[in-house]
Amino acid sequence: MVCLGNICRSPLAEGILRDKVAKANLTTPQVDSAGTAPYHIGENPDKRSILNAHKHGIDISKHIGRQLNRTDFQTYDRIYVMDESNYGNAIELAGDDSEKEKLKLILDELNPGMGQSVPDPYYGGEDGFEEVFQLLDKACDVILNELVNTIRDQKKI
Ligand code: 4NP
């Protein structure tokens with residue numbers, strides 16, 4: 001999960017997907033988050049994101065901010081960005097075409113090809129964080145379904 005600062009949207013997305021993966025008893029998916037910018041490396045998430053997650057029964061307070069790097073494109077199968085700007089920054093770190101194909105706008109999971117962005121809540125109020133949560137929660141439901149199907153298909157082989 002990737003945003004700009006790795007303190008508002010992507011730690012929330014990571015927490016939401018982790019929670020769904022755990023509740024579905026999946027053990028193999030590894031979920032992480034990072035920012036395209038270095039501003040908040042080493043910091044815990046924004047208090048408003050921590051509070052919003054807590055309200056939904058998810059603890060993201062211990063996440064430590066980090067910056068996306070080239071190795072992430074080798075380590076992870078799917079890299080979800082929150083907006084077009086993150087996409088533009090992240091694609092620069094991808095190596096070959098197979099790595100570029102791993103990069104997706106997360107809201108394309110909900111509305112394929114629409115190019116929608118998860119709004120940046122950093123400069124707004126609490127309600128912006130709830131809006132972000134609701135969007136990410138729906139997108140992560142779709143991602144979870146895909147993970148369940150992928151894992152089931154792998155077991156058939
Ligand atoms: P995020 O939000 O990308 O969702 O973590 C932001 C966090 C920090 C800044 C901008 C957006 N900033 O400019 O420091």
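Being a predicted model, the structure only gives us computed values, none of them experimental. Heavy atoms only: backbone and side chains are in, while hydrogens, waters and symmetry mates are out. Note that ligands are numbered from 1 as they come in the structure, with each ligand's atoms numbered from 1 the same way.
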Which residue and non-hydrogen atom of the protein lie closest to [atom], and at what distance in Å?
| atom | result |
| --- | --- |
| atom 12 (N) of ligand 1 | Tyr122 CE2, 3.6 Å |
| atom 13 (O) of ligand 1 | Tyr123 OH, 3.6 Å |
| atom 1 (P) of ligand 1 | Cys3 SG, 3.4 Å |
| atom 8 (C) of ligand 1 | His40 NE2, 3.5 Å |
| atom 5 (O) of ligand 1 | Cys8 N, 2.9 Å |
| atom 4 (O) of ligand 1 | Arg9 NE, 2.8 Å |

Practice problem: Report the member of Gly5, Ser49, Pro119 with the shortest heavy-atom distance to atom 3 (O) of ligand 1. | Solution: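 When every heavy atom of Gly5, Ser49, Pro119 is considered, Gly5 comes closest to atom 3 (O) of ligand 1.
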
Exercise. With heavy atoms only and a cut-off of under 4.0 Å, state how Phe129 meets ligand 1: side chain, backbone, both or neither.
Key: neither

Exercise. Could you tell me whether Asn6 approaches ligand 1 through its side chain, its backbone, both or neither, with non-hydrogen atoms closer than 4.0 Å?
Key: backbone

Quiz prompt | Asp120 and Cys3, any side-chain heavy atoms less than 4.5 Å apart | solution =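 Cys3 vs Asp120: side chains apart.
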
Quiz item: Do the side chains of Leu107 and Met114 get nearer than 4.5 Å, heavy atoms only?
Solution: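 Of all side-chain heavy-atom pairs linking Leu107 with Met114, none is under 4.5 Å.
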
Which of the numbered atoms in ligand 1 are below 4.0 angstrom from a heavy atom of [X]?
| X | answer |
| --- | --- |
| Asp120 | 2 (O), 6 (C), 10 (C), 11 (C) |
| Ile7 | 5 (O), 7 (C), 8 (C) |
| Leu4 | 3 (O), 10 (C), 11 (C) |

Is there a polar contact between ligand 1 and [X], counting only N or O atoms under 3.5 Å apart?
| X | value |
| --- | --- |
| Pro121 | no |
| Tyr39 | no |
| Ser10 | no |

In terms of side-chain heavy atoms, does [X] have a donor or acceptor partner in [Y] at a distance below 3.5 Å?
| X | Y | answer |
| --- | --- | --- |
| Arg78 | Tyr76 | no |
| Asn86 | Asp83 | yes |
| Asp137 | His56 | no |
| Glu126 | Asn52 | no |

What I want to find out is whether [X] reaches [Y] closely enough, with some N-O distance under 4.0 Å, to be called a salt bridge.
| X | Y | result |
| --- | --- | --- |
| Asp72 | Arg66 | yes |
| Asp96 | Lys100 | no |
| Lys138 | Glu109 | no |

Quiz item: Quick one: does Ser49's side chain have a donor or acceptor within less than 3.5 Å of a partner on Pro45's backbone?
Solution: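 Looks like no, no N/O pair under 3.5 Å.
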
Quiz item: So is Met82 in contact with ligand 1, going by heavy-atom distances below 4.0 Å?
Solution: no

